[in-house]
Structure formats: C-alpha cells, structure tokens
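Single-structure report; data block below.
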Amino acid sequence: MTDQMKNLLILLCGIAVVLLVVIILFAGKSPFMKLMSYFLEEQDDSESGRQSNNVNTSQKGRKNQDIQRKTYEPLVEMATLIRKSDDRLRVIESTGQTKLIDEYYELVFVTRKGKTLKIECSREAYEKIPFNQQGSLTYKLNKLVKFKYYEDTVYN
C-alpha cells in the first residue's frame with residue numbers, strides 16, 4: 001500500500017470517528033443533550049427567581065405549574081379565550097399625527113385540561129376573537145396561527 005492510500009484511510013477513519021461522536025453526543029435523548037437543553041432553556045424572570053429559591057422542589061413545582069410547550073410544529077388544542085391584553089406606545093407628533101409603535105397583542109386561553117396558554121397575535125385577530133368563545137386553537141411557538149370556532153375562523 002502506498003503512503004497516499006494510508007493517509008486516505010486514516011482520514012476516512014477520522015471522519016467516521018468524528019461523525020460517530022457527534023451522533024452519540026447530539027442524539028435527542030443523550031445525557032449530554034439533556035445537560036445542554038438545561039442551559040439553553042429560555043426562562044422568564046419570574047421563573048428563574050423561583051427556581052433559584054426552590055432547587056430541591058423543582059420537580060414538584062413543574063408538575064403543579066402550567067408550562068406551555070415551545071415546539072416548532074403547530075399545536076392544536078380546544079381552548080376558551082379568557083383574557084386579552086395589549087401593550088402599545090402611542091406617539092403624537094407636533095403636526096397632530098398619531099402613530100402606534102411597538103404594538104404587542106396577547107390572548108390568554110384555557111384548555112379543556114385547565115392549562116393556561118398565552119398566545120401572541122395580530123391586531124386583527126385580537127379584535128375579532130370574542131371572549132368566552134370555545135374553539136380549536138392552532139399555535140406555533142406561542143404565536144397564533146388560527147382560531148376556529150362555531151361562527152368563524154380567525155387567522156393571525
């Protein structure tokens with residue numbers, strides 16, 4: 001065997017070993033990925049304060065809390081709208097023109113299982129969806145995709 005063939009085989013074996021290590025470390029249920037997801041998990045300010053105080057009771061606290069799943073695929077649940085909230089900055093120019101800046105609209109739903117979902121939406125969806133209306137809620141990453149109820153279907 002020539003030196004070039006030996007070098008090629010060594011290179012291919014090295015690539016195979018690196019790929020195998022990457023697959024083992026970054027597989028979905030590996031201990032390494034569980035550790036990484038713990039550090040990369042997004043937390044609200046209120047949750048981080050609670051978790052630092054209750055390190056030993058974190059498992060019990062998670063069972064009692066309503067934790068909203070964050071996935072990249074749309075989720076569909078039967079839910080009822082219980083609250084609407086908005087945050088808008090209104091700017092009035094010296095010419096008399098008014099502008100809305102940093103508009104944020106949020107709908108709070110309760111599912112049939114009693115879980116509370118906070119869903120971000122557009123102004124049109126915020127205005128169209130009536131209170132105490134039960135329907136099929138489709139959301140993706142805490143953003144409204146559509147809400148279908150008996151009379152109408154509202155898209156974001």
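Only heavy atoms go into these numbers, but all of them, side chains included; no hydrogens, no water, no symmetry mates.
One finds the OG1 atom of T95 at 10.5 Å from the CD1 atom of I92 (value rounded to the nearest 0.5 Å). Here the straight-line distance linking atom CD of E127 with atom CG of D86 works out to 9.5 Å at 0.5 Å rounding. The structure places CD1 of I119 at 8.0 Å from CG of L107, a figure rounded to the nearest 0.5 Å. Interatomic distance, CG of L117 versus CG of L144, reported as 11.0 Å (0.5 Å rounding).
At a threshold of 4.5 Å between non-hydrogen side-chain atoms, the residues Y149 and S136 do not count as touching. Considering only heavy atoms from C-beta on, F131 stays 4.5 Å or farther from I82 through its side chain.
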One pair to check against side-chain contact (heavy atoms from CB on, under 4.5 Å): Q134 and Y150. What are the steps and the verdict? CA-CA 8 Å; Q134 184 176 14; Y150 184 68; over 6 Å; no
Stepwise side-chain contact (heavy atoms from CB on, under 4.5 Å) check, Y155 with V145: CA-CA 6 Å; Y155 295 93; V145 175; 5.8 Å; no
Test D3 against M5 for side-chain contact (heavy atoms from CB on, under 4.5 Å), laying out the working first. CA-CA 5 Å; D3 287 337; M5 288 296 287; over 6 Å; no
Please determine whether side-chain contact (heavy atoms from CB on, under 4.5 Å) holds for the pair K99 and E93, giving the CA-CA distance in whole Å, both sets of side-chain angles, and the decisive distance to 0.1 Å. CA-CA 8 Å; K99 289 191 247 180; E93 300 286 336; 3.5 Å; yes
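Between E106 and K84 there is no salt bridge, since none of the side-chain N atoms of the basic residue sits less than 4.0 Å from a carboxylate O of the acidic one. Between E77 and R112 no salt bridge is recorded (no basic side-chain N to carboxylate O distance below 4.0 Å).
Counting only N and O atoms by type, the side chains of E103 and Y105 include a donor and acceptor under 3.5 Å apart.
Within a 6.0 Å radius of CD in E151, other residues, nucleotides and ligands contribute more than 12 heavy atoms.
With sequence neighbours excluded, the residues forming a side-chain contact (heavy atoms from CB on, under 4.5 Å) with K143 are E120, listed by chain and number. Qualifying salt bridge (Lys or Arg N to Asp or Glu O under 4.0 Å) partners for R83, counting only residues two or more places apart in sequence or in other chains: none.
In this structure, D87 contributes its side chain and Y104 its backbone to no donor-acceptor pair below 3.5 Å. Between the side chain of N156 and the backbone N or O of S122 there is at least one donor-acceptor pair closer than 3.5 Å.
In the hydrophobic cluster analysis, where Ile, Leu, Val, Met, Phe, Trp and Tyr join through side-chain heavy atoms closer than 4.5 angstrom, L19 is grouped apart from V21. Tracing side-chain contacts under 4.5 Å through hydrophobic residues (I, L, V, M, F, W, Y), one reaches L75 starting from F109; they form part of the same cluster. There is no path of hydrophobic side-chain contacts, each under 4.5 Å, that joins V110 to L137. By the rule that hydrophobic residues join a cluster once side-chain heavy atoms approach within less than 4.5 Å of another member, Y139 and V108 end up as members of separate clusters.
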